[in-house]
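Both backbone and side-chain heavy atoms feed into the values below; hydrogens, waters and symmetry mates do not.
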Amino acid sequence: MQRVGFLTAVTVGVVGLAVGCRNTHEGSAPAGTAGEGHGSDSSASAGFGGRSGVAGSGAPADTTGDAGRGEAVAQGGSAGSRGGGGPGPSTSGGGHAGAAPQGGSSSTGGSDCQPTVASPLLWTFSATDGVKTPIIAEDGTIYLSSSDNRLYALDPSDGSEKWAFVAAGGVSVPAIGRDGLVFVSTSNHRMHAVDSSDGSERWSFDVEEGLYAPAVAQDGTVLLPSYHVLYALDPTDGSERWSFTSNALTTPAVTQDGTVLVPANDIGAFRLVALDPDDGSELWSFPTGSYVATPLVGDDGTVYLPTEDNALYALSPATGAPQWSFNAEGAMYTPALSNNGLLLVPLSFEHTLYAVNRTTHAPLWSFTAGDFIDTPAVGTDGAIYLPSNDHHLYVLDPSDGSVRWSFPIYDNVNTPAVGADGTVYQPSWNGNLYALSLSQPGVTDLACTPCTAACASDTELGRCLPDGSGYEVVMSCSSGQACQGGACMDCVAEDHRGCVGSEVHWFDSCGTAGTLIETCSPWQKCAPNGYCQATDVGSRCDECPSDATSCRLTGSDVCQDSSLKTCIGLGGDSMYCTASCVSDADCPSSMGCLVDCGGRSEYEGLCWRTSQYEWLRDVLCDTGGTTTVDPFAQARIDCVARINALRAGEGLPPYEQWVEAEACADAQAEADATDGAHANFGDCDEAAQNTCPGWADLDAVLEGCLQAMWDEGPGDVPEEHVHYIILSSTEYSRVACGFYQMPSGEIWASQDFQ
């Protein structure tokens with residue numbers, strides 16, 4: 001029997017929280033749940049439902065991505081254990097044009113001046129789900145893909161909808177081809193060629209596995225990357241010209257001479273491969289020590305390759321030979337080029353953008369935001385538009401990185417696009433595309449010198465004083481408005497989640513707290529993203545008290561034995577409650593004494609649970625344990641790559657591969673197959689865990705389970721999309737993928753996050 005489902009566990013309080021989608025249904029499943037395949041002989045539990053599940057159907061994947069970086073598209077559902085089933089479509093309502101262009105209002109300021117507010121916001125388009133980085137055609141038409149399974153064509157003058165192409169699955173970031181075609185990949189393993197005049201389909205191309213966003217070569221050839229194959233297609237009819245096979249491919253880039261650059265992440269051979277555009281033959285490759293992302297091709301042809309090993313390489317486009325490299329303390333996203341020749345390198349985990357001189361290769365300045373950042377865009381005037389998950393778009397001066405102005409968006413944001421007229425189009429997870437003017441917000445009047453606008457308070461607009469000493473209030477915002485980004489803007493109810501002390505509330509777009517959602521427990525904190533999360537408990541666990549159960553540790557670990565009074569930290573918030581020992585006799589029966597760890601004193605002389613003991617002894621400590629070939633080595637790389645591809649689509653930085661914990665995660669997966677999901681949650685000192693119980697094979701886990709967990713969110717009820725919350729979290733930095741194959745061939749898989 002195949003189980004179609006997945007489960008999750010996160011560290012949240014006095015006891016570990018395990019939220020599992022393990023409901024059993026006869027023939028159907030409700031939205032957001034996965035049946036276990038106990039359906040009747042004629043039908044099976046539904047896959048991952050849309051608004052309501054039906055037998056054998058699955059919700060489409062939320063295909064996401066950013067231009068130039070890659071796009072994850074995988075299957076939406078999974079077949080039940082008996083009878084029919086499989087991927088199926090789920091369609092939701094379309095978007096609509098937003099409010100009319102917003103100008104300002106006028107008011108008499110307290111002097112002879114008659115101030116008029118100039119807002120940077122020109123118009124807003126609202127889809128029914130999150131929108132991705134838009135692509136702008138030569139005629140100015142904006143092509144915008146959304147998680148509501150639609151590709152929109154928008155009029156740049158007011159954001160009105162020209163047409164919408166409705167797919168049977170999530171839609172990737174588009175690519176614009178020749179002869180009036182727009183290309184998009186979808187979650188049902190299909191690429192569509194869409195007529196730009198009316199949104200009709202001209203042709204489609206189907207594959208057997210998940211797809212990334214397409215690209216277009218210089219001669220018009222459509223480059224379609226699937227998970228293991230890059231297809232080169234004729235744009236007129238979709239016929240295959242050639243293909244290239246490797247592992248963990250992503251969206252390619254194209255050099256000035258037409259060479260196709262595709263990241264390939266084979267086991268032990270992470271590399272960028274250069275292909276001949278005529279036949280797909282390999283011209284050269286550049287190996288790295290870690291996962292590689294879609295490169296940037298510079299205006300002089302130089303290939304800039306970002307990696308997860310904290311290095312950015314500048315390569316020769318002809319040979320792939322390294323010309324120079326830039327190293328920093330953090331994994332890098334795809335860079336951008338400024339108008340004044342700077343290389344703009346985003347370090348997402350560090351929230352920092354570096355401006356690097358391409359001649360000296362030295363950083364000239366840096367800017368640090370309040371949360372993760374994405375690849376910036378550059379305006380026609382040279383201004384740098386940097387999106388951050390601290391819910392702001394920052395407009396930076398290219399000369400020194402100073403903030404010219406910022407625009408608040410109360411949700412996470414992806415890389416913006418800039419039109420030929422300088423209009424900036426900023427996409428957001430809240431489903432809105434904001435069209436912003438090139439000019440910074442300002443106040444002008446009939447008698448006074450124009451000057452920069454600012455918010456003198458939450459409800460008052462200010463104007464700069466001539467002597468530069470500050471701002472004077474020139475007008476008050478109307479009821480139901482607040483001053484944001486130098487303009488009075490209407491407040492939108494229940495716009496985002498936030499904190500009032502330990503309470504999670506809905507906030508409107510003006511930052512006013514509203515309805516209470518939940519109250520965090522004493523073991524939790526209300527995090528900036530508006531969710532209760534575990535606190536650092538190290539100060540509470542220096543030594544377990546006599547009533548040991550009162551010592552709460554990160555993970556599901558509690559001092560249940562009063563003899564375990566040594567509490568140690570294992571990175572981040574992870575704590576482990578154990579005892580000092582010199583032999584196994586000093587430890588409880590379920591634990592072993594690790595006497596020798598090859599000089600790693602922090603692990604020696606302590607009692608460890610069996611799975612941790614074996615992992616430390618055989619993997620980390622290297623003290624003579626049996627070494628075997630890892631049968632899941634490639635699957636682990638593919639697992640991390642798949643998760644990171646999903647994250648990249650929402651502007652999130654990649655997780656690192658947590659190699660040290662993989663053997664331990666394998667032991668957890670094996671224990672889960674016997675004792676039930678999350679049986680040993682916390683054994684590997686993970687802070688959160690997702691589980692795929694009893695899937696048909698490795699491909700089903702990588703293509704189906706991970707995608708289905710991602711498709712749960714985003715949403716308003718955390719309990720309904722916990723898997724998505726973990727996969728898209730900014731609280732963790734690495735993931736270990738563990739696997740266990742049952743005698744029947746079914747796969748149990750655990751993903752541990754720290």
Side-chain angles (χ1 to χ4, degrees), residues 6 8 48 58 60-66 69-78 87 169-170 172 185-189 207-213 225-230 245-251 262-267 270 290-294 308 331 632-659 662 665 669 688-692 695-713 723-724 726-729 732-739 747-753:
F6 41 88
T8 191
F48 307 94
D62 176 16
T63 61
T64 54
D66 289 328
R69 186 182 313 114
E71 179 71 16
V73 185
Q75 74 181 44
S78 177
S172 74
S185 301
T186 58
S187 62
N188 58 340
H189 305 176
V207 301
E208 297 296 325
E209 60 182 0
L211 294 172
Y212 295 84
S226 73
Y227 198 48
H228 294 97
V229 181
L230 174 67
T245 301
S246 188
N247 282 321
L249 302 174
T250 187
T251 300
V262 58
N265 295 285
D266 299 308
I267 179 171
F270 302 98
S290 69
Y291 186 85
V292 297
T294 300
E308 286 187 2
F632 299 112
Q634 184 61 53
R636 302 186 204 282
I637 294 173
D638 292 347
C639 174
V640 177
R642 171 61 70 194
I643 292 172
N644 285 337
L646 293 168
R647 290 171 61 83
E650 298 294 0
L652 295 167
Y655 282 133
E656 296 177 8
Q657 185 174 351
W658 187 12
V659 177
E662 289 172 345
Q689 180 188 76
N690 283 344
T691 296
C692 301
W695 283 66
D697 51 35
L698 287 173
D699 285 342
V701 170
L702 299 174
E703 297 286 343
C705 182
L706 294 177
Q707 183 71 51
M709 288 192 286
W710 184 264
D711 289 343
E712 286 184 0
H723 306 96
Y724 172 83
I726 293 174
L727 288 174
S728 63
S729 174
Y732 319 121
S733 61
R734 54 184 180 171
V735 58
C737 295
F739 301 92
I747 299 292
W748 281 70
S750 294
Q751 301 92 47
D752 289 348
F753 300 83

Gap between atom CD1 of Ile643 and atom CE of Met709 - 0.5 Å precision: 7.0 Å
Shortest non-hydrogen contact between Leu702 and Ala635, atoms and distance: CD2-O, 4.0 Å
Minimum side-chain heavy-atom gap Val640-Trp658 below 4.5 Å: no
Separation of Tyr724 OH from Asn690 CG (nearest 0.5 Å): 13.0 Å
side-chain contact (heavy atoms from CB on, under 4.5 Å) partners for Ser733, two or more places apart: Phe349
Non-hydrogen side-chain atoms of Pro653 and Arg647 separated by less than 4.5 Å: yes
Worked check of ring-ring contact (aromatic ring centres under 6.0 Å, His included) between Tyr732 and Tyr655: CA-CA 8 Å; Tyr732 319 121; Tyr655 282 133; 7.0 Å; no
Whether Thr251 side chain and Ala213 backbone form a donor-acceptor pair below 3.5 Å: yes
Least distance between heavy atoms, Ala665 atom then Ala736 atom: CB-O, 4.3 Å
Flag side-chain contact, heavy atom, 4.5 Å: Val207 against Val229: no
Any donor-acceptor N/O pair, Ser185 side chain to Tyr212 backbone, under 3.5 Å: yes
Residue pair Ile726, Gln751: steps toward the side chain to side chain contact (heavy atoms under 4.5 Å, CB included) verdict: CA-CA 10 Å; Ile726 293 174; Gln751 301 92 47; over 6 Å; no
Interatomic distance, Phe270 atom CZ to Ile637 atom CD1 [nearest 0.5 angstrom]: 4.0 Å
Distance in Å, Cys705 SG paired with Trp710 CH2, rounded so as to fall on 0.5 Å steps: 14.0 Å
Any Cys692 side-chain heavy atom under 4.5 Å of Ile747 side chain: no
Reported CG-to-NE2 distance for the pair Asp711 and His723, which is rounded to 0.5 angstrom: 12.5 Å
For Glu656, side-chain contact (heavy atoms from CB on, under 4.5 Å) partners two or more places apart: Arg734
Within-4.5 Å side-chain heavy-atom neighbours: Pro225 and Thr250: no
